[in-house]
4 protein chains.
Amino acid sequence: MAVNKREKIMDAALLLFAERGYDGTTVPMIADTAVVGAGTIYRYFESKEALVNELFNECVQRFTDSVKRNYPYSDSIRAQFTHIFNGMVRFAKEDIHALYFIDTHSEARYLDPQSREAFQQLLDFFHSYVNSGKEQGLIRPLPSDALIAIVFGAFVKIYTLIRAGKIIETPELLSQIEESCWDAVRIHSD
Amino acid sequence: MAVNKREKIMDAALLLFAERGYDGTTVPMIADTAVVGAGTIYRYFESKEALVNELFNECVQRFTDSVKRNYPYSDSIRAQFTHIFNGMVRFAKEDIHALYFIDTHSEARYLDPQSREAFQQLLDFFHSYVNSGKEQGLIRPLPSDALIAIVFGAFVKIYTLIRAGKIIETPELLSQIEESCWDAVRIHSD
Amino acid sequence: MAVNKREKIMDAALLLFAERGYDGTTVPMIADTAVVGAGTIYRYFESKEALVNELFNECVQRFTDSVKRNYPYSDSIRAQFTHIFNGMVRFAKEDIHALYFIDTHSEARYLDPQSREAFQQLLDFFHSYVNSGKEQGLIRPLPSDALIAIVFGAFVKIYTLIRAGKIIETPELLSQIEESCWDAVRIHSD
Amino acid sequence: MAVNKREKIMDAALLLFAERGYDGTTVPMIADTAVVGAGTIYRYFESKEALVNELFNECVQRFTDSVKRNYPYSDSIRAQFTHIFNGMVRFAKEDIHALYFIDTHSEARYLDPQSREAFQQLLDFFHSYVNSGKEQGLIRPLPSDALIAIVFGAFVKIYTLIRAGKIIETPELLSQIEESCWDAVRIHSD
DNA sequence: TATGAATGAGTGTTCATTCAT
DNA sequence: CATGAATGAACACTCATTCAT
């Protein structure tokens, strides 16, 4: 698992925030799950709010990295879609709670400007992808926000099911879901 | 505005639970928003937990009714999809917070068996629709849960944007989004 | 039972104060037991505190009356003891809760001066009896307070048992208990 | 003064419960009297009810110990009476509020089975004493419950007076009161 | 006159945070 | 560094009292 206390705390907080939400999670709960003293958390984080912000930032950063790493800038829109989708899958697999945590906390009132900015940068990346797809006449002429919401909304709900064990993650299923998401946003020639 | 106190309390609670979540909403907040005394809430609801459950039940019931009302059992799968989609739209329009409230609270630890059952019945209805579409070879052969998650996930995220004022709800947009959602689950002949 | 609402309220309050104490009894409890609306109590009594005081006064008055009625001023100390004892028995029988209510509330912080005074008058009566017995050399030369405490303490505990059904009230038993109480305070010639 | 917080809380609770009763005592009152924060009480006791039960148990245990310690099993009934009486005096002296607290809370609705059992064991001890006295023809043939009630009722009321400063506790007075109590239960040969 | 819905101060209890060890 | 005992503000909830009907 985590090597040092800071990571143990963040891992515990991520698990609990994803499962119970920020307000439903107490600092002693985090301490117990992380197997540290409650006071120890305050050696690493100024407050519960600072903790959730650092955690959110870190998760969004990892998500962004996952999606952007080796991004095929010169490939086709379809190939880029696969790249992004695979990046999201990789991120969700790596840390099963992080995706849900990001989704359920991205509009939270306690997020600081930096956290909002980090999330916005992720959205910006999606926007630029979608815009380029729309310009090429391959993606539907809907508001970019809407297109992103459709894919991201569908994807998060799918991984919520996987996390809950209600559907089993297989390469075939993921491939079909990717197809489904792509069909949701692409322009159909028929 | 609601006519009686019970409704004022439920309206206030729905708004706050949707905006801040159950744990982030205090009973005094609900009382203030409903413009009633804190004690008054306990004349109508046994506890905060009873309140969220009654609210959830009522919302799920309205959602189910909206979707099932005048359901065209003998029409085509495509026409039935439109009917369901329009039912969801009608529900979301009628009470902008209810859809988000249902989505964010449907897995909550404080939901009682009755609430879970009500939500399950809604899911069951979607399942029977999806199954019938799969049998007719018109909907993709994916797990029904996954198909429902894709459409519902996309739809909720879209209405979150509408609620936040980031996209404007027009008949044209909704029609395109319906098309997009349908393309996500239908089998493509090309 | 009680003919008018005022009496119904006082009966209910007496029962509940005896069983649960003043602080453990709520005004709605009294209203429910008396089968009147909660607001009705405030038509007859200014406050819960006023109610307990009126009740205490009334009980002490009845107790005093029971003990003093037909008091044999010219009889022997022994005969007077029997008279007092029988008066206490009569009072306890008439209203099984009143004796216990008086005992458990006679030192309460919410008793007003009038209530304290009424109780004091009862004590004064006992004092004059005890003093006269001591002067005649028939009652032990202990502080009067102590002698009263012994008999009253024993008597109340006995009736608590009777009220709880742990011992059965028979004339023989009562007669023996009177003997026992008398032996506790009399001077023994042997 | 108590050395640790747990004892400070129990001391404060005992004082307040004896003076105002369980329902008339608030947790903040206990905290103030014990000079600790209100939250601190919940580090040591699960709830107010758990606190009153622990306190009751502990007091009954000390009372039982006081009465049973060095009990002269082979001495006369009269000598055993003195032993018990002195045990009660010692207990009452050691902690002036504990006796009154036990007496006023022994039938309370919030006592758990363990507390009731502890009190019952104390009563059982008195029963066996009284029974042995009755068998030897030295104690009146009244129900044991009644005999215990007489002595215990008298004793508690006496110590209530002493606690209130209305009579002064001297060896002579106590000795006379013991005589009085004994005379209440013994068989008289004259 | 009688009511019970409504209230908000006050209750028992929790929890983010601090700090002596 | 790490802890967990201690805290008090804030929580969910209750109840004496009021007042429109």
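A note on names: the letters A, B, ... follow the listed sequences, proteins ahead of strands, and every chain is numbered from 1.
- Side chain of A:Lys48 to backbone of A:Thr25: a donor-acceptor contact under 3.5 angstrom is found.
- Applying ring-ring contact (aromatic ring centres under 6.0 Å, His included) to A:Phe63 and the options A:Phe101, A:Tyr100, A:Phe119, A:Phe91 leaves one that passes, A:Phe91.
- Here the closest heavy-atom approach between residue C:Leu51 and residue C:Met10 is recorded as CD1-CG, 4.4 Å.
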Salt bridge (charged side-chain N to carboxylate O under 4.0 Å, His left out) evaluation trace for A:Glu19 with A:Arg163: CA-CA 11 Å; A:Glu19 273 181 359; A:Arg163 198 166 69 110; 5.0 Å; no
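- Contacts of residues 15-38 of chain B with DNA chain E (heavy atom under 4.0 Å): B:Val36, B:Gly37.
- In summary, A:Arg116 and A:Glu107 do not engage in a salt bridge, as defined by a charged side-chain N under 4.0 Å from a carboxylate O.
- The closest donor-acceptor contact from the side chain of C:Asn57 to the backbone of C:Asn53 lies under 3.5 Å.
- Side-chain contact between A:Tyr22 and A:Tyr110: present, with at least one pair of heavy atoms (C-beta onward) separated by less than 4.5 Å.
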Exercise answer: donor-acceptor pairs, residues 36-44 of chain D side-chain atoms, under 3.5 Å, sequence neighbours excluded:
from    : atom 1 : to      : atom 2 : distance (Å)
D:Thr40 : OG1    : D:Gly37 : O      : 3.4

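- Residues meeting the side chain to side chain contact (heavy atoms under 4.5 Å, CB included) test with C:Asp95, sequence neighbours left out: C:Leu14, C:Arg62, C:His97, C:Ala98.
- Contacts of residues 43-58 of chain B with DNA chain E (heavy atom under 4.0 Å): B:Arg43, B:Tyr44.
- Rounded to 10°, the angle separating the first-five-pair axis and the last-five-pair axis of the helix from E:dA2-F:dT21 to E:dT21-F:dA2 equals 0°.
- When atom types are taken as modelled, the side chain of B:Thr33 and the backbone of B:Met29 share a donor-acceptor pair closer than 3.5 angstrom.
- Shortest non-hydrogen contact noted between B:Lys8 and B:Val35 is NZ-O, 4.1 Å.
- Nucleotides of DNA chain F with any atom under 4.0 Å from a heavy atom of chain D span, from 5' to 3', F:dA5 to F:dG8.
- A:Gln61 places none of its side-chain heavy atoms less than 4.5 Å from the side chain of A:Gln121.
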